[in-house]
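To find a chain, count down the sequence lines: A is the first, B the second, and so on, and within it residues start at 1.
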2 protein chains.
Amino acid sequence: MARNPQTVRSERTRVALRRAATELFASQGVEATSAEQIAEAAGVTVRTFYRHFPSKHDLLFADYDTGLQWFRKALAGRPAGEPVLESVRAAIFAFPYDVQALTQMAAFRAEELDPERIVGHLHQVEADLADAVTEHLERGADPDRRLDVLVTSRVIAAAVFGAMEVWMQRESRSMADLADVTQATLAALESGLGADGMFRHY
Amino acid sequence: MARNPQTVRSERTRVALRRAATELFASQGVEATSAEQIAEAAGVTVRTFYRHFPSKHDLLFADYDTGLQWFRKALAGRPAGEPVLESVRAAIFAFPYDVQALTQMAAFRAEELDPERIVGHLHQVEADLADAVTEHLERGADPDRRLDVLVTSRVIAAAVFGAMEVWMQRESRSMADLADVTQATLAALESGLGADGMFRHY
DNA sequence: CCAAGTTTTGTCAACAGTGACATAGCATGC
DNA sequence: GCATGCTATGTCACTGTTGACAAAACTTGG
């Protein structure tokens, strides 16, 4: 299946670097881990490391696509008639927080990262989340309501990430807190906008 | 007049660094000049260099305030009844392009600099230019037209920097070209919006 | 003028990132 | 199998940037 012949080796290296980085980030923190350590743990040179990843921090988000795929499948797996908000909530709360995700959260909490980097990444995640919801909603929805779908998706994504922002500005930022804030935000969305059935029509 | 006692030395160092950087940037280009060279030319250590300027590129814009002050004074020196656009044009074209400014331009032309840095700086310059025009217009204008003043200022600044953007995307980017584009842009602004007297009322 | 304290600078070491060039790994045509 | 050629990697050297600590310059109270 490997189209490119020598690229197999490249892929192996990339995986090794990802794994090494994930472990080191989790055990020592992001900033406390040097590029040299990652490279060495992956059995590779620093220069090679930088050939595969543009920067150290990109490795922190390396498994991001995996998580995104998971989320989309989780949405797809929800029962057909279920209100969107419930689907999203279920998917979010069932998300398997692995080492990668937890390390990211830890880095966020510790404010280790360059704010620009965080904001940029979260922006991307929010957009992807909205797309996932859109994709989910468009299954079995009539095309006339495409705008509704779009708006609904963005609103939900904005709410979820608004919750995260609130969480990030709190004094105590535990995972339980994040869950609470997210829960509350979605509830508010539901009660405030659910009356006219905006989210019930799907 | 030197309020802070030991700060005199600090100021001397800063000046030396600025001068050294300006010369080296002009003669070799920005990226071809290393922080070490600048520090050495200023008779100082690299570490000291970074204590006075957050990054090498900040030195490229070090004399920026001087230029801004010049522009404001040039505006203030224009005759009272003159249309704003004419005042701005006169001030822009009388601007004394010193080594600093020319080096900046050269760096822009050569696309040496990180685009983000350029955009960020230009954004600042545009805002400052607008403020300068506002300040100029507010002299002797009645307070009721404050919004007009604000809009006019922004429009002019946007036009001038729009011209610069056009210039930066051209094939040949000589100083003469920049002058031409700026001239043309201001002329368009004048003929297009001058009919209703928007710029003539001042 | 001297002692004490503050500010500035120097020294050292480390890390992030990049370019140039050499070399090893693998694949394909012969 | 072997020469040929491409790709991934290694090596080297360099620049930008920062933290920690020491040394020097300078100011001020006495």
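The two residues A:Ser87 and A:Glu82 make their nearest non-hydrogen contact at OG-OE1, 2.6 Å.
The distance from atom CD1 of B:Ile38 to atom P of D:dT17 is 10 Å, rounded to the nearest whole Å. A straight line from CD of A:Glu11 to C1' of D:dT9 spans 16 Å, rounded to a whole angstrom. Look at CD on B:Glu40: it is 12 Å from P on D:dT15, rounded to the nearest Å. As a whole-Å value, the separation of B:Glu31 CD from D:dC14 P is 18 Å. Residue A:Lys56 contributes atom NZ, which lies 16 Å from atom P of C:dA14 at whole-angstrom precision. We find that CD of A:Glu36 is positioned 14 Å from C1' of D:dG10, with the value rounded to whole Å. Regarding B:Arg51, its CZ atom lies at a distance of 12 Å from the C1' atom of D:dA23, rounded to whole Å. Going from atom CZ of A:Arg47 over to atom P of C:dT23 covers 18 Å, rounded to whole Å.
Using modelled atom types and a 3.5 Å distance limit, the side chains of A:Glu11 and A:His52 yield no donor-acceptor pair. Between the side chains of A:Thr13 and A:Arg9, not a single donor N or O lies within less than 3.5 Å of an accepting N or O.
If you check every strand for non-hydrogen atoms under 4.0 Å, A:Thr45 touches a base. Contacts of A:Val46 with the nucleic acid, taken as non-hydrogen atoms under 4.0 Å apart, are absent.
Remark: A:Tyr50 is not in phosphate contact with C:dT18, judged by side-chain N or O atoms under 4.0 Å from OP1 or OP2. For B:Thr13, a side-chain nitrogen or oxygen approaches OP1 or OP2 of C:dT9 to under 4.0 Å. For B:Thr48 and C:dT8, the shortest distance from a side-chain N or O to OP1 or OP2 is not below 4.0 Å. Dashed line: the shortest gap from a side-chain N or O of A:His52 to OP1 or OP2 of D:dT9 is under 4.0 Å.
Taking every side-chain heavy atom of B:Val44 into account, C:dT9 is the closest of C:dT9, C:dC15, D:dT9.
Between the CZ atom in B:Arg89 and the OG1 atom in B:Thr185 there is a gap of 10.5 Å [rounded to 0.5 Å].
Between B:Ser153 and B:Asp131, the closest side-chain pair of non-hydrogen atoms is not below 4.5 Å.
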